Amino acid sequence: MTDERLRRWRLLLGPSAEDVAQLGDDDQRRDGALTGLYGGGGDRGAGLGASSPQLHRWLGDVRKYFPTSVVQVMQRDAVEKLGLRQLLLEPELLQSVEPDVHLVSTLLQLSRAIPARTRDTAKAVVQKVVEDIEKRLKDRLVEAVRGAVDRSKRTHRPQLPDVDWATTIKANLKNYQPQHKTVIVEDLIGHRRRSRAAAMRDVILLVDQSGSMADSLVHAAVLGSALASIRSISTRLVVFDTEVADLTDQLSDPVDLLFSAQLGGGTDINRAVAYAQTQVRRPTDTVVVIISDLYEGGSETELQRRVRELVASGVTVVNLLALSDSGTPAYDHELAAKLSALGAPAFACTPDKFPELLAAALRKDDLTQWAESEGIATGR
């Protein structure tokens, strides 16, 4: 076995395998960081302790000796497995942590317990993650949504500034005149000019704020804020547990919006959908996105009735079982199948896929076919 493989086995097995290989100084620090969190073998246990100096040293070693993706996993394990909530409640420690969506989710669940002296630091951590998500997704979302709305409002009698020349030329190639080397345009294609003040589509995001949906709430807040910047879309963001809170007026600041949410508690999807019904102004131009694992604590019968009414009126209803990178979550398969049968398909959607999914919904594409073409499992 090569020296490198022996070294890796030694790091994997911990101090109980000291005779496998000798570690250099850096590897000993790596081994110590792993030992503090996970233990290793029969002769050691997890030992980060509760003192701030010891945690500071551990956080520093983790950030120095491991890649960011591993750092985030180890930090999450430190909070969840060892109950080190002081990581999140002391500003000095929080400044040492590598921000990620899971850390933000935990911060939001602890938001009521965060002392005043730590709140600004906590908001800075959330701001960093929000900016990272915006950088990755905002432009894609805006482009996809604008394109979907514009294509759905094509007209064959556009004003000259609104002509889509690429589409017009393609549609008229049959009229190409070789002798003149030109195309005779018989059919102009373009977009209807719209009032700057008038949105052409309404999007209502209903976001489950139970603890299991924390990552989804973070992404929904950022994506909702991006949607709110598009003039052709009227966006409403509503969070719910057993109560319903409309946070639309906070979409300009997703960080404040997230700290206004109250993660945890029960789930009453029916009540949230009932509220959404009161906000529908133009059914055929409205998309309602329910972001929930569908474990309904309210009236399932009433929920199905309301979804049936929305779909019958022309509203596009989509159920997202998750809006996170964690894959398909645990969810109520039976209710997902029932809602899908009513015309409200259910998917587990990653944030990267959300722009294209929403664009397809705005175009009124067959979402089940779209999901299949994208390799996305439907909740049936």
Side-chain angles (χ1 to χ4, degrees), residues 141-159 162 164 189-207 220-221 223-240 244-252 257 269-292 302-320 323 339-340 342-347 349 354-370:
L141 179 65
V142 171
E143 181 181 354
V145 168
R146 281 179 175 162
V149 173
D150 286 344
R151 283 196 293 274
S152 66
K153 290 295 183 180
R154 277 188 178 155
T155 176
H156 290 268
R157 299 182 63 182
Q159 298 180 36
D162 303 321
D164 182 340
I189 300 173
H191 311 302
R192 295 178 187 171
R193 180 161 293 194
R194 59 182 181 269
S195 165
R196 287 184 177 271
M200 296 167 63
R201 289 287 190 274
D202 297 334
V203 175
I204 302 173
L205 302 176
L206 302 178
V207 189
L223 292 166
S225 178
L227 283 173
S229 70
I230 306 174
R231 289 185 179 181
S232 55
I233 297 291
S234 172
T235 304
R236 187 165 292 278
L237 188 142
V238 179
V239 298
F240 66 92
V244 175
D246 192 328
L247 302 183
T248 301
D249 61 351
Q250 297 184 54
L251 279 171
S252 60
L257 185 154
I269 308 170
N270 174 57
R271 177 170 289 190
V273 174
Y275 177 78
Q277 283 183 299
T278 69
Q279 303 301 309
V280 174
R281 303 172 298 163
R282 306 170 296 179
T284 57
D285 290 331
T286 300
V287 176
V288 173
V289 182
I290 303 170
I291 304 174
S292 173
E302 282 295 294
L303 171 61
Q304 292 179 63
R305 178 183 66 79
R306 293 185 190 281
V307 169
R308 185 184 299 109
E309 290 174 353
L310 284 170
V311 172
S313 70
V315 174
T316 299
V317 181
V318 186
N319 293 287
L320 296 187
L323 186 57
L339 295 179
S340 295
L342 294 174
F347 314 99
C349 181
F354 183 77
E356 288 73 25
L357 171 61
L358 184 58
L362 291 166
R363 291 193 303 266
K364 292 190 175 293
D365 293 351
D366 185 317
L367 294 181
T368 300
Q369 288 186 4
W370 175 86

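Note that the coordinates shown come from a computational prediction; the quantities given were computed from them, not determined experimentally.
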Novice: Distance check, rounded to the nearest 0.5 Å: L141 atom CG versus I230 atom CD1?
Specialist: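 The distance works out to 5.5 Å.
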Novice: Do V239 and L247 come within less than 4.5 Å of each other through their side chains, counting heavy atoms only?
Specialist: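 Yes, at least one pair of side-chain atoms sits under 4.5 Å.
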Novice: To the nearest 0.5 Å, tell me how far M200 CE sits from D202 CG.
Specialist: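 So the gap between those two atoms works out to 11.5 Å.
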Novice: Kindly give the heavy-atom pair with the smallest separation between L251 and T235, and that separation in Å.
Specialist: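 It is CD1-O, 3.9 Å.
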Novice: Determine whether a donor-acceptor pair (N or O, by modelled atom type, separation under 3.5 Å) exists between the side chain of K364 and the backbone of T316.
Specialist: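 No.
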Novice: Heavy atoms only: give me the nearest F347-T368 pair and the separation to one decimal.
Specialist: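 Closest heavy-atom pair between F347 and T368: CZ-N, 4.3 Å.
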Novice: Could you tell me which non-hydrogen atom of A144 sits nearest to which non-hydrogen atom of P355, and how far apart they are?
Specialist: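 In terms of heavy atoms, the two residues are closest at CB-O, 3.7 Å.
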Novice: Which pair of non-hydrogen atoms, one from R146 and one from S229, has the smallest distance, and what is that distance?
Specialist: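 Residues R146 and S229, closest heavy atoms: NH2-O, 4.5 Å.
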Novice: I need the single residue from D249, T286, D246 that forms a side chain to side chain donor-acceptor pair (under 3.5 Å) with R236. Which is it?
Specialist: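 Testing R236 for a side chain to side chain donor-acceptor pair (under 3.5 Å) against D249, T286, D246 leaves exactly one candidate, D246.
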Novice: Is there a side-chain contact between L320 and L357 (heavy atoms, below 4.5 Å)?
Specialist: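 L320 vs L357: side chains touch.
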Novice: Is any side-chain heavy atom of L362 closer than 4.5 Å to a side-chain heavy atom of I233?
Specialist: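 Side-chain contact under 4.5 Å: yes.
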Novice: Side-chain contact test, heavy atoms from C-beta onward, threshold under 4.5 Å: evaluate it for L223 versus L323 and give yes or no.
Specialist: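 Side-chain contact under 4.5 Å: yes.
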Novice: Looking only at heavy atoms, which two atoms of V238 and Y275 are closest? And how far apart?
Specialist: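 So the minimum-distance heavy-atom pair works out to CG2-CE2, 3.7 Å.
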Novice: For T284 versus S313, what's the shortest heavy-atom pair and its separation?
Specialist: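 T284 and S313 have their closest heavy atoms at CG2-O, 4.2 Å.
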Novice: Hey, could you give me the CZ/CG distance between R271 and L206, rounded to the nearest 0.5 Å?
Specialist: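 Going from CZ on R271 over to CG on L206, the span is 14.0 Å.
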Novice: Out of curiosity, S234 OG to D285 CG, how far, rounded to the nearest 0.5 Å?
Specialist: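 Rounded to the nearest 0.5 Å, the OG-CG separation comes out at 11.5 Å.
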Novice: Determine, stepwise, if the pair E302 / R305 fulfils salt bridge (Lys or Arg N to Asp or Glu O under 4.0 Å).
Specialist: CA-CA 5 Å; E302 282 295 294; R305 178 183 66 79; 2.6 Å; yes
Novice: With distance as the sole test, does S225 use its side chain to make a donor-acceptor pair with the main-chain N or O of S252 at under 3.5 Å?
Specialist: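 No; zero donor-acceptor contacts below 3.5 Å.
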Novice: Between the main-chain N or O of S340 and the side-chain N or O of N319, is there a donor-acceptor pair closer than 3.5 Å?
Specialist: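 No, the answer is negative, given that no donor and acceptor are paired below the 3.5 Å cut-off.
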Novice: Considering the options L339, I290, V307, which one meets the side-chain contact (heavy atoms from CB on, under 4.5 Å) requirement together with I269?
Specialist: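 Testing I269 for a side-chain contact (heavy atoms from CB on, under 4.5 Å) against L339, I290, V307 leaves exactly one candidate, I290.
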Novice: Rounded to the nearest 0.5 Å, what separates atom CD in E309 from atom CG in L342?
Specialist: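 Going from the CD atom of E309 to the CG atom of L342 covers 11.0 Å.
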